[in-house]
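Worksheet: one structure, shown below.
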Amino acid sequence: MSGGSNEEWETTLEDCRKDRSIPDAYPIKPFQLTSDHKPDSDTEMMRILESGGCIKKKCEKGIKHGPYRIYKLTESVPGLATSRTIGDKIARQVGVICDPEISTHDLEFQQDEFVIIATDGL
(Lines give C-alpha, C1' and ligand atoms only; values in the text may rest on other atoms or scores of the structure.)
Protein backbone atom coordinates (compact mmCIF):
# COMPACT_ATOMS: atom_id res chain seq x y z
CA MET A 1 0.00 0.00 0.00
CA SER A 2 1.18 3.48 -0.60
CA GLY A 3 -0.33 6.86 -0.01
CA GLY A 4 0.64 10.35 -1.02
CA SER A 5 4.16 11.63 -0.56
CA ASN A 6 3.37 13.07 2.89
CA GLU A 7 1.52 10.02 4.16
CA GLU A 8 2.67 7.22 6.42
CA TRP A 9 0.88 3.85 6.49
CA GLU A 10 0.88 1.53 9.45
CA THR A 11 -0.60 -1.81 10.37
CA THR A 12 -1.07 -2.89 13.97
CA LEU A 13 -1.64 -6.48 14.99
CA GLU A 14 -1.47 -7.91 18.48
CA ASP A 15 0.27 -5.88 21.18
CA CYS A 16 2.44 -3.55 19.12
CA ARG A 17 2.87 0.13 19.76
CA LYS A 18 4.29 2.92 17.67
CA ASP A 19 5.02 6.27 19.28
CA ARG A 20 6.46 9.57 18.21
CA SER A 21 8.93 9.80 21.09
CA ILE A 22 11.61 12.33 21.87
CA PRO A 23 13.67 12.81 25.06
CA ASP A 24 12.58 15.53 27.51
CA ALA A 25 15.49 17.77 26.45
CA TYR A 26 13.76 18.41 23.11
CA PRO A 27 10.84 20.86 22.81
CA ILE A 28 8.78 18.24 20.94
CA LYS A 29 6.47 16.00 22.95
CA PRO A 30 5.75 12.30 22.26
CA PHE A 31 2.53 11.46 20.44
CA GLN A 32 1.16 7.91 20.53
CA LEU A 33 -0.07 6.78 17.10
CA THR A 34 -1.48 3.36 17.96
CA SER A 35 -3.20 1.61 20.83
CA ASP A 36 -2.68 -1.88 22.21
CA HIS A 37 -5.26 -4.57 21.51
CA LYS A 38 -6.21 -5.41 25.08
CA PRO A 39 -9.12 -7.64 26.09
CA ASP A 40 -10.60 -4.99 28.40
CA SER A 41 -10.84 -2.22 25.75
CA ASP A 42 -14.46 -1.54 24.78
CA THR A 43 -14.48 -2.76 21.17
CA GLU A 44 -12.27 -5.78 21.80
CA MET A 45 -14.27 -6.77 24.90
CA MET A 46 -17.59 -6.61 23.03
CA ARG A 47 -16.35 -8.96 20.31
CA ILE A 48 -14.87 -11.43 22.81
CA LEU A 49 -17.98 -11.55 25.01
CA GLU A 50 -20.27 -11.92 21.97
CA SER A 51 -18.12 -14.89 20.87
CA GLY A 52 -18.57 -16.64 24.22
CA GLY A 53 -15.26 -15.65 25.77
CA CYS A 54 -14.62 -14.61 29.35
CA ILE A 55 -12.33 -11.73 30.39
CA LYS A 56 -10.79 -11.73 33.85
CA LYS A 57 -7.56 -11.38 35.78
CA LYS A 58 -5.63 -14.35 37.11
CA CYS A 59 -6.53 -15.23 40.66
CA GLU A 60 -4.18 -16.93 43.11
CA LYS A 61 -5.16 -17.48 46.75
CA GLY A 62 -8.13 -15.16 46.26
CA ILE A 63 -6.02 -12.27 44.98
CA LYS A 64 -6.52 -10.99 41.42
CA HIS A 65 -3.36 -9.81 39.68
CA GLY A 66 -1.83 -9.03 36.30
CA PRO A 67 -3.53 -7.89 33.11
CA TYR A 68 -7.00 -8.91 31.99
CA ARG A 69 -6.89 -12.17 30.05
CA ILE A 70 -9.21 -14.03 27.68
CA TYR A 71 -10.52 -17.48 28.62
CA LYS A 72 -13.14 -19.96 27.53
CA LEU A 73 -16.11 -19.85 29.91
CA THR A 74 -15.53 -23.36 31.26
CA GLU A 75 -11.75 -23.70 30.90
CA SER A 76 -8.60 -21.84 31.92
CA VAL A 77 -7.41 -21.54 28.31
CA PRO A 78 -6.12 -19.72 26.34
CA GLY A 79 -5.30 -17.07 28.98
CA LEU A 80 -4.16 -14.44 26.47
CA ALA A 81 -3.52 -10.85 27.55
CA THR A 82 -3.92 -9.62 23.96
CA SER A 83 -7.07 -9.70 21.84
CA ARG A 84 -5.43 -10.16 18.44
CA THR A 85 -2.95 -12.83 17.47
CA ILE A 86 -2.03 -15.09 14.56
CA GLY A 87 -2.55 -18.85 14.51
CA ASP A 88 -4.14 -19.56 17.89
CA LYS A 89 -6.99 -22.00 17.17
CA ILE A 90 -8.32 -22.06 20.74
CA ALA A 91 -8.31 -18.27 21.06
CA ARG A 92 -10.15 -17.91 17.76
CA GLN A 93 -13.09 -19.80 19.34
CA VAL A 94 -13.58 -16.98 21.87
CA GLY A 95 -13.28 -13.93 19.62
CA VAL A 96 -9.52 -13.42 19.30
CA ILE A 97 -8.90 -12.32 15.72
CA CYS A 98 -5.91 -11.81 13.45
CA ASP A 99 -7.30 -8.78 11.60
CA PRO A 100 -4.86 -5.88 11.62
CA GLU A 101 -5.89 -2.36 12.52
CA ILE A 102 -4.82 -0.06 9.68
CA SER A 103 -4.58 3.71 9.93
CA THR A 104 -2.80 6.56 8.18
CA HIS A 105 -1.15 9.63 9.62
CA ASP A 106 -0.05 12.77 7.86
CA LEU A 107 3.64 13.44 8.35
CA GLU A 108 4.57 16.87 9.61
CA PHE A 109 8.10 17.27 8.31
CA GLN A 110 8.72 20.46 10.28
CA GLN A 111 7.79 18.76 13.57
CA ASP A 112 8.36 15.01 13.14
CA GLU A 113 12.08 14.58 13.62
CA PHE A 114 11.87 10.79 13.81
CA VAL A 115 9.55 7.89 14.52
CA ILE A 116 10.31 4.95 16.80
CA ILE A 117 8.77 1.68 15.71
CA ALA A 118 9.02 -1.02 18.38
CA THR A 119 7.28 -4.06 19.83
CA ASP A 120 7.66 -6.19 22.91
CA GLY A 121 8.04 -9.28 20.73
CA LEU A 122 6.80 -11.03 17.63
Judged by atom type as modelled, is there a donor-acceptor pair below 3.5 Å linking the side chain of Ser83 to the main-chain atoms of Val96?
no
Starting at CG of Asp88, measure out to SG of Cys98 and round the result to the nearest 0.5 Å.
11.0 Å
Search all heavy atoms of Tyr71 against all heavy atoms of Gly79 and return the closest pair with its distance.
CE2-CA, 3.5 Å
Nearest 0.5 Å please: distance from the CG atom of Leu33 over to the NE2 atom of His105.
4.5 Å
Please, which pairs that meet salt bridge (Lys or Arg N to Asp or Glu O under 4.0 Å) have at least one residue in residues 67-76, sequence neighbours excluded?
Lys72-Glu75
Going by atom type alone, with no hydrogens or angles, which donor-acceptor pairs under 3.5 Å involve a side-chain atom of residues 48-66 and a protein atom two or more places apart or on another chain?
| from | atom 1 | to | atom 2 | distance (Å) |
| --- | --- | --- | --- | --- |
| Ser51 | OG | Arg47 | O | 2.9 |

Applying a strict under-4.5 Å side-chain criterion to I, L, V, M, F, W and Y, I'd like to know whether Ile90 and Ile97 cluster together.
no
Excluding sequence neighbours, so at least two apart, what forms side-chain hydrogen bond (donor to acceptor under 3.5 Å, both in side chains) with Arg92?
none
Validation row: Glu44, Arg84 side chains within 4.5 angstrom (heavy atoms):
yes
Heavy-atom closest pair, residues Ile70 and Thr82:
CD1-O, 3.5 Å
List, by chain and number, the other hydrophobic cluster members for Leu73, where Ile, Leu, Val, Met, Phe, Trp and Tyr join if side-chain heavy atoms come within less than 4.5 Å, directly or indirectly.
none
